[in-house]
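Throughout, a chain's letter reflects where its sequence line sits, starting with A, and its residues are numbered from 1. Remember, it's a predicted structure, so these values are computed and weren't measured experimentally.
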Number of protein chains: 2
Amino acid sequence: MTNGAVQRRRPPTAQQYVLAELRSAITGGRLRPGEPIRQDALAARLEVSRVPLREALKILEGEGLVEHKVHRGYFVTELSLDDLREVYRIRELLEAEAVRRAAARTDADLLTVLERAQSEVERAGGSGDVTAMADANRRFHFALFDASGMPRLVRLIGTLWDSTDAYRSLYYAEPPNRERVVDEHHAVLDALRAGDTDEALRLLDRHRAHAVTRLERVLGKSR
Amino acid sequence: MTNGAVQRRRPPTAQQYVLAELRSAITGGRLRPGEPIRQDALAARLEVSRVPLREALKILEGEGLVEHKVHRGYFVTELSLDDLREVYRIRELLEAEAVRRAAARTDADLLTVLERAQSEVERAGGSGDVTAMADANRRFHFALFDASGMPRLVRLIGTLWDSTDAYRSLYYAEPPNRERVVDEHHAVLDALRAGDTDEALRLLDRHRAHAVTRLERVLGKSR
DNA sequence: CGGACCCACACTGGATCCAAAATCCGATCC
DNA sequence: GGATCGGATTTTGGATCCAGTGTGGGTCCG
């Protein structure tokens with residue numbers, strides 16, 4: 001294994017493979033901000049053609065991870081600390097709306113779904129499976145968002161989550177953070193069961209705030 | 001001219017041409033919700049290859065105008081009244097944030113830029129040039145948003161505007177609406193000059209609310 | 001010696017071509 | 001007669017190939 005291309009198991013489609021690869025390359029700093037993305041070279045490195053690469057880049061452009069200039073190509077946009085804070089601020093605004101609406105129509109079914117997701121979070125967290133935990137965590141939060149009945153809002157929030165995906169795994173890599181997440185979810189569930197929407201919102205804001213604080217520290221060190 | 005392909009003057013790049021064409025086809029109802037998009041046929045109709053078409057579709061997917069299923073293709077998502085209302089609600093949340101921050105740092109330069117954009121709006125509005133007015137209107141609002149210093153937030157708002165672009169021209173098509181917009185902009189400028197942020201926010205909310213009300217009426221009739 | 005012009009190269013945008021997945025439809029078996 | 005399996009067809013996903021634009025360097029002229 002001398003080439004730089006990382007091998008993953010079972011990339012379902014070349015496009016998705018390239019997309020995931022690019023995300024981690026950008027957020028991981030292997031592709032540096034401002035740097036132009038040479039399609040030919042990168043495609044060769046990832047052993048795909050330029051077509052799926054370009055489609056993946058279009059997605060990333062929509063998420064704001066890269067910028068595109070006609071006839072000049074794609075460039076990596078900086079995900080600075082400010083950007084990260086911005087994303088979290090926007091999430092705060094949008095998720096508050098989603099949760100407020102979801103809380104208004106919370107029922108037994110929703111609570112069941114949330115509890116199931118939560119036990120999955122705990123299982124994965126306990127066994128130290130970081131990606132499984134990130135997955136289950138996402139299911140937990142989005143089950144709640146989905147209940148808002150605002151599909152476009154949920155989509156938007158999803159894009160925001162995507163754009164900071166790589167950072168999230170950084171967060172889950174630390175065991176104390178994993179424990180904390182489990183506790184916080186429980187508190188949110190309690191608040192929802194009690195019908196205390198404001199409390200749930202406050203808890204979720206804290207939940208995000210802690211993540212951003214930790215990430216600021218980690219990123220501040222590495223850059 | 002017997003073929004169905006619409007001819008526009010000077011499409012800068014095939015991709016952008018296809019993108020604009022698709023937007024109006026979807027929002028104009030020529031491509032119906034739920035309908036699958038046959039790439040080959042559509043590409044032939046627009047007289048381009050499937051490559052730029054697919055890239056345009058990826059953009060629209062990011063905006064939520066179409067959905068994509070692996071190996072099954074793209075499908076038109078419905079932009080129902082509910083969706084429209086959702087988009088405007090999200091805009092309300094995000095634009096409020098942008099304007100709040102922008103107002104906090106309003107200065108003479110910003111006011112000058114806004115006034116210039118506004119006189120452009122009036123000129124275009126007076127001469128009945130709908131697209132020029134829509135352009136100038138956008139410049140007006142985004143000059144304000146830009147002043148927030150939150151580039152990602154501004155980008156997001158931009159995407160939301162894009163996703164309802166075709167509807168906006170519907171709104172500007174009616175002369176009384178054009179007059180109203182001019183007046184409302186003046187009021188917003190006054191509030192900003194006076195440093196009354198809350199008033200500006202209220203005015204902008206009304207601005208949007210009126211647009212959505214009118215659009216509801218128009219769409220309600222045509223569908 | 002400095003600057004404008006021009007040409008070759010590099011890279012993107014687009015078109016065409018190929019492979020693989022999904023669907024549709026008929027034949028076969030129970 | 002109904003359900004299921006299998007192959008032909010359609011359609012997408014991907015690879016290769018071509019054209020047009022932007023860029024950088026070299027040259028020629030002032």
(message) For a quick check of understanding: with a heavy-atom distance under 4.0 Å over all strands, which category does A:R54 fall into, base, sugar-phosphate or nothing?
(response) base
(message) Base, sugar-phosphate or nothing for A:L53? Non-hydrogen atoms, less than 4.0 Å.
(response) nothing
(request) Find out whether the Lys NZ or Arg CZ of B:R85 is both under 6.0 angstrom from the six-membered ring centre of B:Y88 and within 45° of the ring's axis. (result) no
(message) Taking the six-membered ring of B:Y171 as reference, does the cationic atom of B:R168 (NZ for Lys, CZ for Arg) lie under 6.0 Å from its centre and within 45° of its axis?
(response) no
Give the rounded distance in Å between these two atoms: [atom1] of [X] and [atom2] of [N].
{"X": "A:L19", "N": "D:dG13", "atom1": "CG", "atom2": "C1'", "value": "15 Å"}
{"X": "A:R50", "N": "D:dG13", "atom1": "CZ", "atom2": "P", "value": "19 Å"}
{"X": "B:D40", "N": "D:dT12", "atom1": "CG", "atom2": "C1'", "value": "10 Å"}
{"X": "A:Q15", "N": "D:dG14", "atom1": "CD", "atom2": "C1'", "value": "10 Å"}
{"X": "B:E55", "N": "D:dG14", "atom1": "CD", "atom2": "P", "value": "13 Å"}
{"X": "B:Y74", "N": "D:dT12", "atom1": "OH", "atom2": "P", "value": "10 Å"}
{"X": "B:L57", "N": "D:dT11", "atom1": "CG", "atom2": "P", "value": "16 Å"}
{"X": "A:Q39", "N": "D:dT21", "atom1": "CD", "atom2": "C1'", "value": "14 Å"}

(request) Select from B:R38 and B:V51 the residue whose nearest nucleotide in DNA chain D is closer to the 5' end of that strand. (result) B:R38
(message) Going 5' to 3' along DNA chain C, which are the first and last nucleotides with any atom under 4.0 Å from a heavy atom of chain B?
(response)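 With heavy atoms of chain B under 4.0 Å away, the range is C:dG13 to C:dT23.
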(message) Check this one for me: any side-chain N or O of B:R72 less than 4.0 Å away from OP1 or OP2 of D:dT11?
(response)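 The answer is no; no side-chain N or O of B:R72 sits under 4.0 Å from OP1 or OP2.
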(request) Answer yes when B:E120 and B:R116 have at least one side-chain N-carboxylate O distance shorter than 4.0 Å, and no when they do not. (result)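 No salt bridge links B:E120 with B:R116.
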(message) Tell me whether A:E97 is salt-bridged to B:R89, with the criterion being a basic N under 4.0 Å from an acidic carboxylate O.
(response) yes
Throw together a table of side-chain donor-acceptor distances under 3.5 angstrom for residues 34-43 of chain B, partners on residues two or more places apart or in other chains.
| unit_1 | atom_1 | unit_2 | atom_2 | d |
| --- | --- | --- | --- | --- |
| B:E35 | OE1 | B:R32 | N | 2.9 |
| B:Q39 | OE1 | B:R50 | NE | 3.0 |
| B:Q39 | OE1 | B:R50 | NH2 | 3.0 |

(request) Name the residue closer to the 5' end of DNA chain C, choosing between B:V70 and B:P52 according to the nucleotide with the nearest heavy atom. (result) B:P52
(request) Indicate whether the side chain of A:S148 and that of A:D146 have a donor and an acceptor atom separated by less than 3.5 Å. (result) no
(message) Listing request: all salt bridge (Lys or Arg N to Asp or Glu O under 4.0 Å) pairs with a residue in residues 52-65 of chain A, at least two apart in sequence or in separate chains.
(response)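 Pairs touching residues 52-65 of chain A that pass the test: A:R23-A:E63, A:R54-B:E55, A:E55-B:R54, A:K58-A:E61.
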